[in-house]
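The block underneath contains the structure these notes are about, expressed in structure tokens.
Side chains are part of it too, since the values below use all heavy atoms of this structure and drop only hydrogens, waters and symmetry mates. Start at 1 and go down the list; that is how both ligands and their atoms are numbered. All figures in this text were calculated on a predicted structure; none of them were measured in a lab.
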Amino acid sequence: MSTFNEEYSVPINSAADIVVARQKGRALAIQLGFNGSDPTMIAAAISEVARNIVNHAKQGEIVLSGVHESLRHGIQVIARDDGPGIANIERAMQYGFSSNKGMGVGLPGAKWLMDEFDIQSQVGKGTRVSMRKWLS
Ligand SMILES: Nc1ncnc2c1ncn2[C@@H]1O[C@H](COP(=O)(O)OP(=O)(O)O)[C@@H](O)[C@H]1O
Ligand SMILES: [Mg+2]
């Protein structure tokens with residue numbers, strides 16, 4: 001069973017909000033005990049999924065929380081939007097694939113930076129990316 005605390009929702013409507021989400025994520029990671037390069041990696045992953053909201057869905061939110069299980073603790077990042085959704089998730093996850101002349105490295109990069117990565121999307125409904133990183 002997972003419990004959550006220190007929850008923050010960051011509305012994402014513009015490029016400036018990407019910076020806010022990134023900073024809040026970094027601060028929460030440090031507060032939860034991440035150190036070394038971890039806070040930077042977590043902030044970079046948040047940046048990519050927040051940027052995808054701005055670039056591909058226009059608006060949405062990032063929800064940051066501490067996640068606690070009996071044997072481990074970490075950070076959870078959820079990026080959700082009610083945008084156009086993704087028709088082919090497998091293709092979207094490929095390194096270098098972009099539907100709009102982006103670099104196409106955001107989703108595979110975020111997955112690589114975090115320990116757990118889950119993406120759910122429905123065309124016409126929206127997209128939800130859920131990621132976790134655990135303290136070692
Ligand atoms: N929140 C989203 N809503 C709709 N489509 C998305 C979303 N996030 C990612 N995508 C789709 O997945 C593709 C790959 O994303 P990503 O790896 O971040 O590359 P990039 O953003 O550079 O295009 C995007 O080009 C887009 O088609
Ligand atoms: Mg991207």
Residue selection (non-hydrogen contact nearest atom 27 (O) of ligand 1) among G126, S99, A110: S99
Separation of E7 CD from Q76 CD (nearest 0.5 Å): 8.5 Å
Taking atom 17 (O) of ligand 1 as the reference point, the nearest protein heavy atom with its distance: L107 N, 2.9 Å
Atoms in ligand 1 flagged as close to P108, the criterion being non-hydrogen separation under 4.0 Å: 17 (O)
Subset of ligand 1 atoms that lie under 4.0 Å from at least one heavy atom of G102: 22 (O)
Closest protein heavy atom (residue, atom, distance) for atom 12 (O) of ligand 1: A92 CB, 3.4 Å
Pairwise side-chain contact, I46 with L64, heavy-atom cut-off 4.5 Å (strictly under): yes
Distance from atom 9 (C) of ligand 1 to nearest protein heavy atom, with residue and atom: N52 ND2, 3.6 Å
Heavy-atom pair of closest approach, residues R26 and P39: NH1-C, 3.8 Å
For atom 22 (O) of ligand 1, closest protein heavy-atom neighbour: G104 N, 2.8 Å
Nearest option to atom 10 (N) of ligand 1, as decided by whichever heavy atom of N55, I86, V49, V54 sits closest: I86
W112 side chain reached by M41 side chain, heavy atoms, under 4.5 Å: yes
Contact (N/O only, under 3.5 Å) between G106 and ligand 1: yes
Protein contact to atom 1 (N) of ligand 1 [nearest heavy atom, distance to 0.1 Å]: D81 OD2, 2.9 Å
Sub-4.0 Å heavy-atom approach of G83 to ligand 1: no
For F97, atoms of ligand 1 separated by under 4.0 Å from a heavy atom: 14 (C), 19 (O)
Sub-4.0 Å atoms of ligand 1 with respect to non-hydrogen atoms of N100: 23 (O)
Which of the ligand 1 atoms, numbered from 1, are nearer than 4.0 Å to a heavy atom of G85: 4 (C), 5 (N)
Shortest non-hydrogen contact from A21 toward I12: CB-CD1, 4.0 Å
K125 NZ to Q120 CD distance, which is reported to the nearest 0.5 Å: 13.5 Å
Atom 23 (O) of ligand 1 [closest protein heavy-atom partner, distance rounded to 0.1 Å]: S98 OG, 2.6 Å
Shortest non-hydrogen contact between A92 and L107, atoms and distance: O-CD1, 3.8 Å
Metal site the Mg ion (ligand 2): N/O/S of N52 inside 2.8 Å: yes
Straight-line distance of S130 OG to I78 CD1, nearest 0.5 Å: 4.5 Å
Heavy-atom pair of closest approach, residues S98 and K101: OG-N, 3.5 Å
Closest non-hydrogen atom pair, R80 against I53: O-CD1, 3.9 Å
Any M103 heavy atom less than 4.0 Å from ligand 1: yes
Considering all heavy atoms, the nearest L113-A44 contact: CD1-CB, 3.8 Å
